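A short write-up of the structure that comes next.
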Amino acid sequence: MRSLQSVALGMILAVAAVPLFAGETVSNQPLGFRLSVPDGFVQDPTKARGDIVFAFMRAAAPGDKANSGIMVSRMRGVMGREKIDPKLIATKAPKVTVVTEKWKDFEIEVTRVPEEFGPVKVVTFNAQVPLKPEAIQISVVGETARENELRSALRTVLATLDGKTNWLTTDERINRGTIGIAKMAITIAVLLFLGGLVWRALRGRKTTGTTGAPGDAAEPSPE
């Protein structure tokens, strides 16, 4: 009986880990991306203000205390590949943790932010995606009790998000590295060649200085 319960629990966790069925699809031409949100989330234009490009809401299910939401915000710049400093998080926001998710071939960092509003406990997942010409942040928020569903909703958005990135793929980085190594080898070869010329010139001067005083003619070698 215990083994059957373990299998059932494993199946539940596996289902919670996969993306949900995608519903509405939206696109933004100026920022150059397109994405879909899980079925059940409805676009709410009234919440799309400031840097928030799109906002989607899902009504609270029976027994829930709060709605769930997905927001897509512009970051007004491109992202580098630097990791979030754990010391900075520990100092500034000790309750925040960093998890990872996949977008295309990249592993991106996601901050998990727990909060309490009176009796309601909520959690927000913020995923910053390295798009160009401008990065975006995808935020999924809802009750902590529905954390697995919120994480799955985030995976759905990331799995459907399409846009150009300023990050290089692994193959592109390898190719760039190969070209860099080739250029370095050529540079070293040139430096060695020039170094040889300088060395010969120095040896020639040294030899001339040891064979006779300046202005003296060298004696001809006997035949």
Side-chain angles (χ1 to χ4, degrees), residues 9-29 31-41 43 51-56 58 68-90 93 95-114 122-177:
L9 178 60
M11 291 178 64
I12 293 173
L13 293 177
V15 171
V18 299
L20 301 172
F21 182 75
E24 184 177 359
T25 299
V26 295
S27 62
N28 184 286
Q29 294 299 327
L31 298 180
F33 71 85
R34 180 175 58 187
L35 57 80
S36 299
V37 296
D39 195 21
F41 283 87
Q43 189 171 174
D51 286 343
I52 300 176
V53 182
F54 294 110
F56 305 88
R58 183 177 64 185
S68 300
I70 298 175
M71 296 186 182
V72 182
S73 307
R74 63 188 305 173
M75 296 185 64
R76 298 191 178 277
V78 295
M79 286 176 54
R81 302 195 71 148
E82 298 82 6
K83 298 292 185 180
I84 299 175
D85 187 354
K87 294 182 180 179
L88 182 62
I89 292 181
K95 292 184 179 180
V96 175
T97 55
V98 179
V99 297
T100 59
E101 290 291 349
K102 293 286 290 184
W103 175 66
K104 292 190 174 182
D105 295 329
F106 306 107
E107 184 178 84
I108 62 174
E109 292 184 310
V110 180
T111 55
R112 178 189 179 276
V113 185
V122 301
V123 62
T124 304
F125 291 99
N126 296 310
Q128 296 181 349
V129 185
L131 296 181
K132 67 176 183 180
E134 191 173 321
I136 63 172
Q137 176 171 281
I138 300 169
S139 302
V140 181
V141 58
E143 286 193 67
T144 305
R146 291 189 172 273
E147 182 167 341
N148 287 337
E149 292 183 18
L150 299 175
R151 190 88 180 260
S152 295
L154 176 61
R155 291 191 178 111
T156 298
V157 178
L158 292 175
T160 60
L161 175 59
D162 185 34
K164 294 182 179 180
T165 178
N166 60 301
W167 284 11
L168 298 178
T169 64
T170 301
D171 291 340
E172 289 171 338
R173 294 174 72 184
I174 292 174
N175 291 337
R176 289 279 184 94

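Quick caveat: nothing in here was measured; it's all calculated off a predicted structure.
For K104, the salt bridge (Lys or Arg N to Asp or Glu O under 4.0 Å) test picks out D162, with sequence neighbours left out. Applying the salt bridge (Lys or Arg N to Asp or Glu O under 4.0 Å) rule to E143 yields no partners; only residues at least two apart in sequence or on another chain are considered. Partners of Q137 by side-chain contact (heavy atoms from CB on, under 4.5 Å), not counting sequence neighbours, listed by chain and number: M75, N126, Q128, S139. In this view, D51 and R76 satisfy the salt bridge (Lys or Arg N to Asp or Glu O under 4.0 Å) rule, not counting sequence neighbours. The salt bridge (Lys or Arg N to Asp or Glu O under 4.0 Å) check on R112 picks up E147, with sequence neighbours excluded. Under the side-chain contact (heavy atoms from CB on, under 4.5 Å) criterion, E24 pairs with V26, V37, Q43, F56, sequence neighbours left out.
Between E101 and E107, every side-chain heavy-atom pair lies at or beyond the 4.5 Å cut-off.
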Side chain to side chain contact (heavy atoms under 4.5 Å, CB included) assessment of V157 paired with I70 = CA-CA 9 Å; V157 178; I70 298 175; 4.2 Å; yes

Output, in order, the C-alpha distance, side-chain angles, deciding distance and verdict of side chain to side chain contact (heavy atoms under 4.5 Å, CB included) for V129 and L158.
-> CA-CA 9 Å; V129 185; L158 292 175; 3.9 Å; yes

Run the numbers on F54 and M71 for side chain to side chain contact (heavy atoms under 4.5 Å, CB included), then give the verdict.
-> CA-CA 6 Å; F54 294 110; M71 296 186 182; over 6 Å; no

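Of all heavy-atom pairs between F33 and V72, the closest is CZ-CG1, 3.9 Å. Looking at every heavy atom in both residues, L154 comes nearest to A127 through CD1-CB, 3.9 Å. Summarising the geometry of G40 relative to R58, their closest heavy-atom pair is O-CG, 3.5 Å, with the distance given to 0.1 Å. Closest approach of W167 to G80, counting heavy atoms only: CZ2-O, 3.1 Å.
The backbone N or O of V98 lies less than 3.5 Å from no partner atom in the side chain of T111, so there is not a single donor-acceptor pair. Distance alone, capped at 3.5 Å, is enough to place a donor-acceptor pair between the N166 side chain and the M79 backbone. A donor-acceptor pair is defined here as one N or O able to donate and one able to accept, closer than 3.5 Å; no such pair exists between the side chain of S27 and the backbone of R34. The backbone N or O of L150 lies less than 3.5 Å from no partner atom in the side chain of R155, so there is not a single donor-acceptor pair. Of the possible polar contacts, one joining the W103 side chain to the L161 backbone as a donor-acceptor pair under 3.5 Å is found.
When the options V78, I108, I136 are evaluated for a side-chain contact (heavy atoms from CB on, under 4.5 Å) with P130, the one that passes is I108.
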